[in-house]
Amino acid sequence: MSHQAITALLAQLEQVLLGKPQQIKLAITCILAKGHLLIEDLPGMGKTSLSQGLAQSLGLSHQRVQFTSDMLPADILGVSIFDKEQSQFVFHPGPIFKQMVLADEINRASPKTQSALLEAMAEQQITVDGITHPLPSPFFVIATQNPSEQSGTFPLPESQLDRFMMRLSIGYPDSAAELAMLKGEGTTVQGSHLPQCIDPMTLKNLQQQVLDVKASDALLNYILALINGSRQLNEGYGLSPRASKSLLNAAKAWAFIAGRHYIVPEDVQAVFPAVAEHRLRHVSQQQGEALSHKLLNSTNPIL
């Protein structure tokens, strides 16, 4: 039953984002692995449509937040306002208190505002005025961003990038998919409500099943070889321990979607670019892609 639900989810989202089955599968992999997702591409490529489609299809409470240069951390987290009747400050929660937060064009906000998401993404809680507030469960951040060379953007710092389990680039559709879009085929998220494929409780159950996917010692050594290789090749800016855990969990989710309860090297290879590239691009995105490709080609699994 669980795999039927995942198959239905894949099929529905492929009607939202035409011609991009690989990107859709990676996005679902990230959510099943309890990760946060960064979608980076040019404007108008379907980043927001995919984000909204995921939220609707999973039946999660969600809030889309349009990031701008004048946004403040309180606009995301919430603010304490003095209540005269109670003679005390009362906390009014912000949009972060949803199961899925769609942070649209996150790199158009200032670094101060971007940093408001750090605690939420790492610990599923926020702290305002010295008081800690837990966030809903499950909790995901799906952020979109435009290329950093575009005007009015603030590059995400490494500490922020490392909290995103995966980063996707959608890319231009092929001619057939774009023709289908022009003919009005597929589903427009903004104009309709997509049916729910998986409810939140089922999603949490699937996430637990993903954690139970097995990884042999040889497979774990393969992951460590990729991680250690990145640290040698990238001049001290290699993959962090958080990245190694993300790579393992993403590979588990990829295997689970394929109907297996064990990981094979092909699972690691399938998710490695999405997990690694945004963490390796010390100089540029192209450098991250080149290092990811080099690591996969130079590191052989010993099974």
Taking all atoms of both residues into account, what is the closest heavy-atom pair of Asp75 and Pro95, and its distance? O-CD, 3.2 Å
Are the side chain of Ser69 and the backbone of Ala109 linked by a donor-acceptor contact shorter than 3.5 Å? no
For residues Gln12 and Ser57, is any side-chain donor paired with an opposing acceptor at under 3.5 Å? yes
Which value, rounded to the nearest 0.5 Å, describes the distance between Leu206 atom CG and Leu211 atom CG? 11.5 Å
What is the minimum heavy-atom distance between Leu26 and Ala270, and which atoms define it? CD2-O, 4.1 Å
Could you measure the distance from the CG atom of Leu203 to the CG atom of Leu60? Nearest 0.5 Å is fine. 6.0 Å
Is there a continuous path of hydrophobic side-chain contacts, each under 4.5 Å between heavy atoms, that joins Val90 to Val79? no
With distance as the sole test, does Thr113 use its side chain to make a donor-acceptor pair with the main-chain N or O of Met71 at under 3.5 Å? yes
Mind running side-chain contact (heavy atoms from CB on, under 4.5 Å) on Leu219 and Val268 for me, showing each step along the way? CA-CA 9 Å; Leu219 198 287; Val268 177; 3.9 Å; yes
Between CG on residue Leu13 and SG on residue Cys197, distance to nearest 0.5 Å: 7.0 Å
Decide whether Val65 and Leu118 are clustered together by the hydrophobic rule: side chain heavy atoms of Ile, Leu, Val, Met, Phe, Trp, Tyr closer than 4.5 Å, transitively. no
Heavy atoms only: give me the nearest Lys204-Ser137 pair and the separation to one decimal. NZ-OG, 3.4 Å
Distance (rounded to the nearest 0.5 Å) between Tyr222 OH and Ile263 CD1: 12.0 Å
We want to know whether Asn205 and Thr202 form a side-chain donor-acceptor pair, criterion being a heavy-atom distance below 3.5 angstrom. no
Within the 4.5 Å heavy-atom criterion, are Asn249 and Ser246 side-chain neighbours or not? no
Tell me yes or no: between the side chains of Ser115 and Gln160, is some donor less than 3.5 Å from an acceptor? no
Pi-cation contact, Phe164 with Arg167 (under 6.0 Å, within 45°): no
Ignoring hydrogens and angles, state whether a donor on the side chain of Gln145 or Glu105 is under 3.5 Å from an acceptor on the partner side chain. no
Hey, is the main chain of His62 close enough, under 3.5 Å, to the side chain of Gln99 for a donor-acceptor pair? no
Considering only heavy atoms from C-beta outward, does the side chain of Ile28 approach that of Trp254 to under 4.5 Å? no
Let's go through Ile96 and Leu117 carefully: what are the C-alpha distance in whole Å and the side-chain angles of both, what is the deciding distance for side-chain contact (heavy atoms from CB on, under 4.5 Å) to 0.1 Å, and is it a yes or a no? CA-CA 8 Å; Ile96 196 71; Leu117 290 172; 3.5 Å; yes
Flag the pair Leu296 / Phe272 as yes when at least one side-chain heavy-atom distance between them is below 4.5 Å, and no otherwise. yes
Under a 4.5 Å cut-off applied to non-hydrogen side-chain atoms, are Ile126 and Phe97 in contact? yes
Within-4.5 Å side-chain heavy-atom neighbours: Lys25 and Leu10: yes
Please confirm whether His133 and Phe91 have ring centers closer than 6.0 angstrom. yes
Checking Lys252 against Asp267 for the salt bridge (Lys or Arg N to Asp or Glu O under 4.0 Å) test, could you report, in this order, the C-alpha distance in whole Å, the side-chain angles of both residues, the deciding distance, and whether it holds? CA-CA 8 Å; Lys252 286 183 175 183; Asp267 299 323; over 6 Å; no
Distance-only, no hydrogens or angles: does the Ser240 side chain make a donor-acceptor pair with backbone N or O of Ala243 under 3.5 Å? yes
Heavy-atom distance under 4.5 Å between the side chains of Leu168 and Leu38, does that happen here? no
Show your working on side-chain contact (heavy atoms from CB on, under 4.5 Å) between Met121 and Val141 and close with a plain yes or no. CA-CA 7 Å; Met121 294 173 68; Val141 172; 3.8 Å; yes
Nearest heavy-atom neighbours spanning Met166 and Val275: CG-CG2, 4.0 Å
Side chain to side chain, Gln196 and Leu58, heavy atoms closer than 4.5 Å: no
Do Arg64 and Gln66 touch side chain to side chain, with heavy atoms closer than 4.5 Å? yes
Locate the shortest heavy-atom distance separating Leu135 from Phe139; write the atom from each residue and the value. CD1-CZ, 3.7 Å
Walk me through whether Leu37 and Met165 qualify under side-chain contact (heavy atoms from CB on, under 4.5 Å). CA-CA 6 Å; Leu37 178 64; Met165 174 178 281; over 6 Å; no
Inter-residue atom distance Ile131.CD1 - Ser80.OG, 0.5 Å rounding: 6.5 Å
Determine yes or no for a side-chain-to-main-chain donor-acceptor pair under 3.5 angstrom, with Lys20 supplying the side chain and Ile170 the backbone. yes
Starting from Ile227, can I reach Leu220 by hopping between I/L/V/M/F/W/Y residues whose side chains sit under 4.5 Å apart? yes
Output for pair (Asn297 CG, Gln269 CD), nearest 0.5 Å, gives 9.5 Å
Shared ILVMFWY cluster between Val213 and Leu224, side chains joined below 4.5 angstrom? no
What heavy-atom pair brings Leu194 and Gly53 nearest, and what distance separates the two atoms? CD1-CA, 3.7 Å
